[in-house]
Amino acid sequence: MFIDRADIFVKAGDGGDGSNSFCKIKGLKKRQDGGDGGKGGNIVLVADKNVQTLLDFHFRKHFRADKGSNGSGNNRTGANAVDCIIRLPLGTIVRDRYEDITYCDLKESGQSVVLIKGGLAGRGNSKFKQATYGDPGEEKEITLELKLIADVGIIGCPNAGKSSLISRISKAKSKVADYPFTTKTPILGVVKLSDERSFVICDIPGLIEGAHNGKGLGDDFLRHVERTRVLIHMIDMAGVDGRNPAEDFASINNELKLYNPELVRRPQVIAVNKMDVSEARENLKEFKKHVRKTVYPISCVTGEGIKELLEAVYKKL
Ligand SMILES: Nc1nc2c(ncn2[C@@H]2O[C@H](COP(=O)(O)OP(=O)(O)OP(=O)(O)O)[C@@H](O)[C@H]2O)c(=O)[nH]1
Ligand SMILES: [Mg+2]
């Protein structure tokens with residue numbers, strides 16, 4: 001299972017308490033010498049490129065920073081607690097679980113954010129009449145949401161050949177099979193056109209009508225589409241299973257629009273696949289009557305047209 005959303009509870013450390021201490025030395029007046037407490041630990045979120053998924057947060061859901069140490073006699077200040085560091089994959093968006101608040105969007109490796117600060121320390125009685133307690137550390141329930149970041153997303157109906165394409169043009173291994181919804185999780189690959197020209201591509205599980213409402217594998221993956229710059233819209237031109245390529249094209253675009261109107265405006269390169277199948281030529285003629293756009297005929301079996309397709313994609317990037 002690809003876990004890309006997790007709800008967790010975080011609590012910053014309480015401040016250490018101030019000390020109520022009295023120094024009693026024979027012959028001298030009693031003196032107050034209680035030290036301050038230490039500060040509570042912060043909750044710090046760090047984007048770490050070595051963390052790939054939110055899987056760990058499925059098993060561990062509570063994170064608490066330590067309490068600052070209490071102050072003690074002889075004016076000794078308690079130690080500040082260390083921060084609780086939570087390492088998250090790049091591309092994680094951190095939101096409040098209940099309210100519409102976004103705390104941060106971790107985009108760069110090493111980026112760190114103090115989500116909540118530890119409680120302030122209590123004062124010792126050396127400064128005040130009476131020592132005070134440290135402040136409690138704040139707590140929050142947050143939702144972590146991971147959106148993959150790829151330059152290019154491959155979208156299309158189930159069985160269009162999306163996994164065949166990514167497997168052919170990158171080292172990514174995405175299972176290819178002749179039944180719908182073979183791909184259940186987004187797969188990332190790197191496409192290298194030449195030494196200095198490369199991009200990251202993502203095979204997005206098949207979309208169907210109603211996906212924006214959770215149908216098929218649902219709208220989970222439309223969220224990943226949001227984080228790509230260019231889309232390869234792949235169409236099965238062989239019309240396997242009686243599919244109508246022009247209808248497929250329209251229905252996927254409609255799903256994008258219903259999910260987020262901005263998504264239909266994202267640059268699309270149209271790849272018409274399975275051109276090695278004899279019906280495809282005829283279907284393409286028909287398709288072009290309905291969709292008056294530049295299309296790239298390809299075959300993931302013979303490799304025909306793939307180089308041209310990738311060059312067009314790179315140009316759009
Ligand atoms: N003849 C022919 N068959 C192809 C071509 N590309 C893919 N196929 C076949 O089409 C079927 C589906 O291919 P996949 O790559 O798994 O399709 P997908 O779009 O990833 O499908 P889902 O993951 O289920 O959404 C497989 O049986 C492939 O062998 C092609 O260019 N020509
Ligand atoms: Mg697939």
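Hydrogens, waters and symmetry mates are skipped; everything else that's a heavy atom, side chains included, is used. Indexing begins at 1, ligand by ligand and atom by atom, following the structure's order.
Remark: among candidates Pro158, Ser167, Gly161, Ala177, the nearest residue to atom 12 (C) of ligand 1 is Ala177, based on non-hydrogen atoms. Heavy-atom proximity to atom 6 (N) of ligand 1, evaluated over Thr302, Asn159, Ile166, Asn273, is greatest for Asn273. Across the listed options Ser164, Ser174, Cys300, Ser164 owns the non-hydrogen atom lying nearest to atom 14 (P) of ligand 1.
When non-hydrogen atoms are compared, ligand 1 lies under 4.0 Å from the backbone of Asp178 as well as from its side chain. The proximity of Thr183 to ligand 1, defined as any non-hydrogen pair under 4.0 Å, involves the side chain as well as the backbone.
Of the angles at the Mg ion (ligand 2), the one spanning OG1 of Thr183 and OG of Ser163 is 90° when given to 10°.
For ligand 1, none of its N or O atoms has an N or O atom of Asp203 under 3.5 Å away.
Looking at atom 28 (C) of ligand 1, its nearest protein heavy atom turns out to be Val176 CG1, 3.6 Å.
Salt-bridge annotation for Asp236 and Lys274: present, with a side-chain N of the basic residue lying under 4.0 Å from a carboxylate O of the acidic one. Salt-bridge annotation for Asp33 and Arg31: absent, with no side-chain N of the basic residue lying under 4.0 Å from a carboxylate O of the acidic one. Under a 4.0 Å N-O distance rule, the pair Arg265/Glu262 does not qualify as a salt bridge. Using a 4.0 Å cut-off between charged nitrogen and carboxylate oxygen, Asp36 and Lys127 count as a salt-bridge pair.
We find the CD-CG distance between Glu138 and Leu115 to be 8.5 Å, quoted to the nearest 0.5 Å.
The aromatic rings of Phe249 and Phe287 sit perpendicular, their planes meeting at an angle over 60°, well past the 30° parallel limit.
For the pair Ala160 and ligand 1, a heavy-atom separation below 4.0 Å is found.
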